[in-house]
Protein chains: 2
Amino acid sequence: MFNWDDLRFFLELARRNKLSKAALRLGVEHTTVARRIAALETKLNLTLFKRINRSYQLTDEGRKLLLHAEAMEKNSLSLLSELEQTETNLEGKIRVATPEAFGSQFLAKHCHAFQKYYPGILFELVAETTNMTINRRDADIAITLAKPERGRLKTIKAGSYRLRLYAAPSYLQGHPPIVRLTDLNQHNFIWYVDDLLPIPELHILDKAIQNPNIVFSSTNLTAQANAADKGLGIALLPCFVGDQIQGLTTVLPGELSIMRDLWLSVHEDQSNQPVVDKARLFLSNLIASERRTLIGT
Amino acid sequence: MFNWDDLRFFLELARRNKLSKAALRLGVEHTTVARRIAALETKLNLTLFKRINRSYQLTDEGRKLLLHAEAMEKNSLSLLSELEQTETNLEGKIRVATPEAFGSQFLAKHCHAFQKYYPGILFELVAETTNMTINRRDADIAITLAKPERGRLKTIKAGSYRLRLYAAPSYLQGHPPIVRLTDLNQHNFIWYVDDLLPIPELHILDKAIQNPNIVFSSTNLTAQANAADKGLGIALLPCFVGDQIQGLTTVLPGELSIMRDLWLSVHEDQSNQPVVDKARLFLSNLIASERRTLIGT
DNA sequence: ATTTAAATGTGCAAAAATACACAGGTGACT
DNA sequence: AGTCACCTGTGTATTTTTGCACATTTAAAT
């Protein structure tokens, strides 16, 4: 028997006709789509697509398969809609502490899904730069950038995200071109205020720029992003913020890319509570499945 | 979206109720089944099975899922029956050379599938102990135990198989018990004739047994297997032979297990011929999907 | 009660799948 | 015609999945 999951890839490619387009929607690399399709073709011993003019066009046999794949998709969707029943029996409240930008720009956009599953649970999102201490029960679950060393916590690495330099085209047109890191010396920066937690990877920038010309600073990333969007200068932003803003483009994406880990912690004695457990699963699933938006393109 | 292929595993487990039974039919380890089911459960955020009394029983939600999974299975089956059309346009003949036992006991049992796909192609199976040389065009495709070093051949490692010692219970009851390798000194052996190709892994046996008491020998593995089945002595057999014979049990499976590779070769200038290509794909697919019977339990 | 056999669970090693980086090639727009 | 953006293909590195060996548990049989 062939791998049923390959039909998901087949369907997407049959609809988009481009490896890259299909890959984007499936949340994988284009090479993965190509290889899964190739595997399906050899397994079924059929040619499903003709590769012409950099586009994948269905063959006659591919069209036959499409009908069956669509039927299976219908099944999978009806399955989800039937089983994705809300758990109204669970009631209570969960407080989740996250870094400011992660909470306000990423997690907030997905809380509706949690609400749909568990309408009885109040989801409290504490997204602040101040370091909330989960130990003092300020929050039931904490997502942090550094692994908490102390406290009786269950901590797992939930995922990673990337930071890049972003600027508005309007800014870039009015300023000297940037082709290497040292060119940044002549540019304006939007930056954090000093008391942010130190990011070790920033020494790359420190070496290249002796005296950064900081024209605006804030503890609030959304403020920085909005300032950059208006052409004030160059900002260091998480990709899940910068990529979402149409008016921003990356600066030196090849030279500067900072990866940071996301840690998810719960109290040892709270980890078995149903409400806490469901929220924990929701968060780690979310971070895993949205990996692509957190890492950026 | 969840992994559609996990539903195949779910279906099998829902029907067999045991990890090990489902694993056997799926051709994987029981741990893999357990992990795929666990992955599906966390992805769907449901409990599909209750683990009671070492058996997996469907929950209510699991039963709901079963209906959808069965529907998807129907689709996948109808898909196969529609697309698995015979290619009557391909005509010709293909000669495949293999080791004797592999050809007569394994490949011969699967040739009907090839015939079904390609009714126009005559499949000639040359299963002999004499080393056929593919270079002289005695065969179009060769499956060998050693990688051919010379000749303009395209060779890939197609898979592996295992050898074990086998004996009939009737023999074992009438002879001293065997708990370690040295106990074999007091036993009767069914063996190859001397000119068989040397198997380096056999030095383990050579060390344990100074003077093996060989009571019967043959170049033909089927003859050896039949002799062993009748209680003549202990034989070294491929698992795909020994495991198929109800009357044989393994001897010292923990102490003696020999793995050998299977190599598949075609001529460089023949590799693009449709008939040769289809046969090559058929053989490598077959060896891959029957991995479990070749490796044994 | 003891033994035996069969089933599930766990940690580690091997294998496979995937991402990543880069090369090459094609069409679109100057 | 040349440049540019975009898409696909190939080889390597990383991550994930799977297999394997072993521990543990439970039911059945002596």
Side-chain angles (χ1 to χ4, degrees), chain A residues 2-3 5-6 8-9 12-13 16-43 49-57 156-160 162 239 249-250 253-255 257 259 261 284 287-289 291-297, chain B residues 3 5-6 8-9 13 16-43 49-57 156-160 162 239 249-250 253-255 257 259 261 284 287-289 291-297:
Chain A
F2 61 93
N3 182 344
D5 205 46
D6 285 348
R8 271 177 53 225
F9 286 69
E12 205 57 52
L13 184 57
R16 315 269 157 236
N17 292 113
K18 312 256 186 207
L19 286 186
S20 42
K21 294 267 161 50
L24 194 67
R25 287 186 65 98
L26 290 163
V28 297
E29 281 292 311
H30 71 276
T31 45
T32 303
V33 180
R35 285 189 270 244
R36 302 267 296 237
I37 296 298
L40 187 62
E41 284 186 329
T42 66
K43 191 74 189 178
F49 292 95
K50 276 189 195 119
R51 285 81 168 158
I52 41 171
N53 279 1
R54 314 192 255 162
S55 109
Y56 276 66
Q57 296 295 333
I156 60 157
K157 187 185 154 185
S160 312
R162 194 203 302 268
C239 291
T249 55
T250 52
E255 280 76 7
S257 143
M259 294 291 290
D261 291 337
S284 60
I287 292 172
S289 65
R291 181 175 168 278
R292 214 73 207 179
T293 72
L294 292 172
I295 298 286
T297 49
Chain B
N3 183 342
D5 206 45
D6 286 347
R8 271 179 51 227
F9 285 69
L13 185 57
R16 314 271 157 234
N17 293 112
K18 312 253 187 211
L19 287 184
S20 41
K21 296 265 162 52
L24 195 67
R25 289 185 64 97
L26 290 163
V28 296
E29 282 292 312
H30 70 276
T31 45
T32 304
V33 181
R35 286 189 270 242
R36 303 264 301 234
I37 297 297
L40 187 63
E41 284 187 330
T42 65
K43 190 75 189 176
F49 292 96
K50 277 190 195 119
R51 285 82 168 160
I52 41 171
N53 280 1
R54 315 196 249 169
S55 110
Y56 277 65
Q57 297 295 334
I156 60 156
K157 187 185 153 188
S160 313
R162 195 202 302 269
C239 292
T249 55
T250 51
E255 280 75 8
S257 145
M259 294 291 291
D261 291 337
S284 60
I287 292 172
S289 65
R291 182 176 169 277
R292 214 73 208 179
T293 73
L294 292 170
I295 298 288
T297 49

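- Distances shown here put every side-chain N or O of A:K21 at or beyond 4.0 Å from the OP1 or OP2 atom of D:dC6.
- Residue B:L13 holds its CG atom at 10.5 Å from CG of B:L40, rounded to the nearest 0.5 Å.
- Minimum atom distance to the side chain of B:R291 is reached by D:dC20, of the listed D:dC20, C:dG9, D:dA27.
- The end-to-end axis angle of the helix from C:dA1-D:dT30 to C:dT30-D:dA1, rounded to 10 degrees and based on five pairs per end, is 30°.
- Between the base of C:dA19 and the side chain of A:R35 there is a donor-acceptor pair shorter than 3.5 Å.
- D:dC7 has no stacking from A:H30 on its base ring, since the centres under 5.5 angstrom apart and planes within 30 degrees of parallel are not both found.
- Residue A:R16 is classed as having no contact, given no heavy-atom separation below 4.0 Å to the nucleic acid.
- Evaluation of atom-type donor-acceptor distances gives no pair under 3.5 Å for the side chain of A:R54 against the base of C:dG24.
- When side chains are defined from C-beta on, B:K21 does not count as touching B:S55, because their heavy atoms never get closer than 4.5 Å.
- Checking C:dT10, C:dA19, D:dA27 against the side-chain heavy atoms of B:T31 singles out C:dT10 as nearest.
- Atom CZ in A:R8 sits roughly 14 Å away from atom C1' in C:dT18 (whole-Å rounding).
- Straight-line distance from the CZ atom of B:R36 to the C1' atom of D:dT17: 9 Å, rounded to whole Å.
- In terms of heavy-atom proximity, A:R162 sits nearest to A:I295 at NE-O, 2.8 Å.
- Side chains of A:K18 and A:Y56 form no contact here, defined as non-hydrogen atoms less than 4.5 Å apart.
- Checked against side-chain contact (heavy atoms from CB on, under 4.5 Å), A:K50 has the following partners two or more places apart in sequence or in another chain: A:T59.
- Residue A:D261 contributes atom CG, which lies 11 Å from atom P of D:dT15 at whole-angstrom precision.
- Distances were taken from every side-chain heavy atom of A:E29 (C-beta onward) to each of C:dT8, C:dA19, D:dG19; the shortest belongs to C:dA19.
- Checked against D:dA27, C:dG9, D:dT18, the side chain of B:N53 finds its nearest nucleotide in D:dA27.
- The nearest whole Å value for the distance from the CD atom in B:Q57 to the C1' atom in C:dA7 is 14 Å.
- Between A:L19 and the options A:T32, A:L24, A:V33, A:T31, a side chain to side chain contact (heavy atoms under 4.5 Å, CB included) holds for only A:V33.
- Checking D:dC20, D:dC7, C:dA19 against every side-chain atom of A:S20, the shortest atom distance belongs to D:dC7.
- Straight-line distance from the CG atom of A:D5 to the P atom of C:dA17: 13 Å, rounded to whole Å.
- Rounded to a whole Å, the CD1 atom of A:I37 is 14 Å from the C1' atom of D:dT8.
- Considering all non-hydrogen atoms of both residues, A:L294 and A:S160 come closest at CB-O, 3.6 Å.
- Closest to the B:A34 side chain, of the nucleotides D:dT8, C:dA7, C:dG9, is C:dG9.
- The interatomic distance linking B:N17 (CG) with C:dT8 (C1') rounds to 14 Å, in whole Å.
- Looking only at side-chain heavy atoms (C-beta outward), B:L26 and B:R8 come within less than 4.5 Å of each other.
- Residue B:R51 is the one, among A:I295 and B:R51, whose nearest nucleotide of DNA chain C lies closer to the 5' end (criterion: closest heavy atom).
- Atom CZ in A:F9 sits roughly 13 Å away from atom C1' in C:dA19 (whole-Å rounding).
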